[in-house]
**Student:** 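One structure follows; several queries about it will come next.
Counting starts at 1 for both ligands and their atoms, in listed order.
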Amino acid sequence: MSPPNLLSTVLLFLLSTVVSVGKETPSPTPKCKAIPGTPAWPSAAAWTHLNESTGGRLLQPSPPGAVCHPGQPTYNASECAAVVAAGGGGWATYEFHSADPVSVDWNQWANDTCLPGEAYPCSPRGYPVFVVNASTAAHVQAGLQFARKNNIRVIVKSSGHDYLGRSVAPFSLSIWVHHLKSTPKTHTSFRPSGCNVEINSTAVTVAAGTQMEELYSFLDKLNQTTIGGGGKTVSLGGYLTGGGHGLLSPTHGLAADNVLEMEVVTPTGKIVIANECTNTDLFFAMRGGGGSTFGILTSTTLLTFPTPHLTSTITALYTPNLSSPNLFPMLAYILSQLPSLSDAGVSGYASFFTNMTSPLSSDPTPLAGIGLSLVLQDSPPSSLSNLLNPILEHINTTYPEEFAVVQIPADYDSFYGWYQVNYDQSSAGRDMVVGSRLLGREHVVDTSKVAEALREMALGGSGSGIMHVVAGRGVREAVPRGEGGDAVCPAWRRAYVHIANSVSWEPLNATARTEAMSRLNKSLRGVRELAPDMGAYMNEANPEEPNWQTQFWGSNYNKLLRIKRSIDPEDVLWCNPCVGNERWKENEDGQLCRV
Ligand SMILES: Cc1cc2nc3c(=O)[nH]c(=O)nc-3n(C[C@H](O)[C@H](O)[C@H](O)COP(=O)(O)OP(=O)(O)OC[C@H]3O[C@@H](n4cnc5c(N)ncnc54)[C@H](O)[C@@H]3O)c2cc1C
Ligand SMILES: *[C@@H]1O[C@H](CO)[C@@H](O)[C@H](O)[C@H]1NC(C)=O
Ligand SMILES: *[C@@H]1O[C@H](CO)[C@@H](O)[C@H](O)[C@H]1NC(C)=O
Ligand SMILES: *[C@@H]1O[C@H](CO)[C@@H](O)[C@H](O)[C@H]1NC(C)=O
Ligand SMILES: *[C@@H]1O[C@H](CO)[C@@H](O)[C@H](O)[C@H]1NC(C)=O
Ligand SMILES: *[C@@H]1O[C@H](CO)[C@@H](O)[C@H](O)[C@H]1NC(C)=O
Ligand SMILES: *[C@@H]1O[C@H](CO)[C@@H](O)[C@H](O)[C@H]1NC(C)=O
Ligand SMILES: *[C@@H]1O[C@H](CO)[C@@H](O)[C@H](O)[C@H]1NC(C)=O
Ligand SMILES: *[C@@H]1O[C@H](CO)[C@@H](O)[C@H](O)[C@H]1NC(C)=O
Ligand SMILES: *[C@@H]1O[C@H](CO)[C@@H](O)[C@H](O)[C@H]1NC(C)=O
Ligand SMILES: *[C@@H]1O[C@H](CO)[C@@H](O)[C@H](O)[C@H]1NC(C)=O
Ligand SMILES: *[C@@H]1O[C@H](CO)[C@@H](O)[C@H](O)[C@H]1NC(C)=O
């Protein structure tokens with residue numbers, strides 16, 4: 001063989017390689033995320049490799065309801081009985097869904113595909129295919145890198161409490177962050193990594209899977225607390241990334257406002273620290289820009305403060321006349337008083353209802369009214385009643401003999417003392433969504449308009465709602481660390497009340513679901529019109545809120561979108577409704593494809 005021939009053979013070979021690469025390699029930007037049973041889905045060997053690289057922490061769980069279905073591999077009648085039993089750790093409890101690798105609170109997000117009950121169908125169709133049971137940042141990193149490399153839809157589940165359905169998806173790899181737990185580390189002052197600043201305040205560093213009850217009980221032993229949520233099993237990951245309100249927010253701001261530092265695994269698989277002088281864009285976005293969008297939080301440092309003494313009262317006003325024309329005017333009057341109460345230091349929750357039996361007695365008579373659970377910090381008991389009495393007297397004189405009043409005062413040595421009695425005791429395990437609106441002082445002044453808006457919210461929804469008195473001065477005056485602050489909806493800074501309702505429907509009925517979503521949307525029309533310039537708290541909002549980009553993030557949206565594009569150019573993390581998700585859509589089969 002002469003040299004020229006050799007050269008031409010080599011050239012030909014090279015050329016053919018180039019041509020065959022062009023022909024056979026799939027397009028560098030596949031239209032859809034890979035799904036099982038197609039060539040794009042990784043081989044069994046690839047999954048085994050992922051399992052090995054996470055120390056054997058890859059799970060392929062059965063749907064949690066499968067224990068109730070004969071024919072399913074995990075069928076077990078006695079386990080099923082425990083799952084469907086009322087109370088005690090079953091499907092209706094937050095604990096159940098929090099402890100399971102794939103379960104979520106609100107059935108429809110797994111498309112009702114395996115409800116616990118023989119009468120229902122059961123398939124794993126609505127759930128992730130594989131789960132990385134992460135207990136370290138390195139496990140999270142391995143999972144994210146695998147999903148990115150293999151073009152697989154990835155989701156993040158912590159407690160699974162999400163009202164928007166972001167913590168479950170079909171055909172996905174789930175990074176389960178619930179077991180990211182460690183002994184919290186306390187600080188008497190804190191220097192953010194790489195910064196030349198010492199923050200002279202107590203703080204605590206905790207893992208992202210930490211849940212409220214764990215955080216509060218740990219801090220209480222030190223006579224301290226921090227801003228956290230009302231549910232026991234709500235986890236820091238979803239709560240902080242969404243903003244996070246709490247009973248003490250009217251004094252200390254939102255939970256996101258109290259974050260000093262975060263450790264995050266980025267969508268491209270880097271483990272980084274984000275704070276006021278390092279990765280500042282990521283730090284901004286991770287505090288209110290929404291969960292599972294900018295990265296996966298693995299641990300965080302939060303400000304703590306001395307736990308307050310709490311003076312509390314639960315005040316119920318109610319009538320057995322469910323059609324009383326004075327019900328909504330009375331509720332509107334109370335709502336109109338909440339900004340002044342908040343300015344005086346009062347915080348808490350006011351639940352209104354149109355048809356409920358008393359939780360305080362066995363009397364089956366249905367009642368309509370409101371229950372206010374309010375607290376005042378570090379003040380004598382009389383100061384709270386002095387603030388409430390004029391309001392109750394006004395109601396008594398305006399609507400004589402119409403509303404019965406019951407008051408239960410109580411005193412607590414600490415936030416945790418209050419919380420152990422007054423934590424969120426609602427239940428899970430239904431097909432349900434919530435809707436909400438942030439309201440400022442000026443939005444609740446016109447009580448006849450407010451009464452009409454409350455009527456629409458209550459009767460258009462499930463007959464009840466809740467006014468969260470968790471904003472006001474502390475949120476308005478909060479100074480989140482770092483230039484530009486944090487990413488929570490700017491409407492929070494003008495809000496006094498976060499008002500919410502809900503709708504639920506029978507599972508596996510597409511018509512009922514569509515009707516319920518439409519009712520929810522209509523039920524919020526009145527509060528939107530009261531406060532067109534405000535917005536909604538993204539963690540507890542209508543997942544189909546029209547114009548959600550602006551409603552959830554206001555003027556922060558464009559900055560968040562820019563950060564999303566730069567930190568996750570390939571859309572490794574995708575959820576709905578989440579910043580920058582506009583380039584993809586879930587099709588009718590649940591596969592995620594580019595639009
Ligand atoms: C009973 C109950 C009480 C509540 N009380 C309050 C309250 O008082 N105040 C309040 O503000 N909210 C409250 N909420 C709402 C709560 O903040 C949201 O449901 C929140 O999304 C829960 O976060 P999670 O991590 O527990 O849930 P998940 O459903 O596991 O996650 C929620 C979202 O965050 C993402 N996520 C979870 N962990 C991480 C992580 N480590 N890194 C990145 N993304 C992550 C998920 O992918 C998903 O997008 C309550 C909810 C319930 C069910
Ligand atoms: C991962 O490895 C562990 C331990 O080797 C094994 O028990 C488990 O079944 C594996 N997971 C999967 C999904 O194969
Ligand atoms: C069913 O579950 C119970 C409780 O977990 C267990 O004791 C029992 O062995 C299980 N039965 C079968 C057949 O697996
Ligand atoms: C997940 O990992 C934790 C340890 O971090 C372990 O206790 C737990 O049993 C694991 N869960 C499952 C379902 O394997
Ligand atoms: C830190 O704060 C405490 C209490 O407010 C104060 O006594 C102390 O002087 C402060 N230290 C520094 C270094 O600023
Ligand atoms: C907490 O406060 C109690 C009562 O004031 C006190 O006895 C206890 O020593 C304090 N504990 C700590 C860790 O400061
Ligand atoms: C309810 O109130 C309305 C208006 O005051 C009144 O007409 C009606 O009779 C009342 N119903 C009952 C059962 O008291
Ligand atoms: C109140 O609720 C009960 C129980 O769900 C129902 O039977 C009744 O019709 C309701 N009453 C009204 C006025 O809606
Ligand atoms: C309500 O007003 C009546 C007089 O109309 C008065 O007798 C009663 O004590 C008042 N009740 C309360 C709780 O103030
Ligand atoms: C589904 O819901 C619709 C609307 O609520 C209802 O009319 C219909 O009867 C339901 N279908 C079934 C099978 O229950
Ligand atoms: C929701 O209601 C608003 C009016 O309040 C309307 O403009 C919008 O089209 C509705 N959206 C859906 C999805 O029905
Ligand atoms: C949800 O389940 C229904 C059947 O109940 C099915 O037709 C539909 O395709 C499923 N949707 C998704 C997104 O998987």
**Student:** Give the atoms of ligand 8, by number and element, whose distance to some non-hydrogen atom of Asn355 is under 4.0 Å.
**Tutor:** 1 (C), 2 (O), 3 (C), 8 (C), 10 (C), 11 (N), 12 (C), 14 (O)

**Student:** Once you round to the nearest 0.5 Å, how far does CE of Met330 lie from CD1 of Ile391?
**Tutor:** 12.0 Å

**Student:** Minimum heavy-atom separation for Ser342 to Gly472, with atom names?
**Tutor:** OG-CA, 3.8 Å

**Student:** Using a threshold of 4.0 angstrom between heavy atoms of the protein and any atom of ligand 9, which residues qualify?
**Tutor:** Asn396

**Student:** Determine, for Phe171 and Arg153, whether the Lys NZ or Arg CZ falls below 6.0 Å from the six-membered ring centre while staying within 45 degrees of the axis.
**Tutor:** no

**Student:** Applying side chain to side chain contact (heavy atoms under 4.5 Å, CB included) between Lys157 and each of Ser235, Pro128, Ser167, Ser98, report the one that passes.
**Tutor:** Ser167

**Student:** What residue among Glu95, His97, Glu214, His161 forms side chain to side chain donor-acceptor pair (under 3.5 Å) with Thr233?
**Tutor:** His161

**Student:** Return yes when the gap between the SG atoms of Cys68 and Cys122 is under 2.5 Å; return no otherwise.
**Tutor:** no

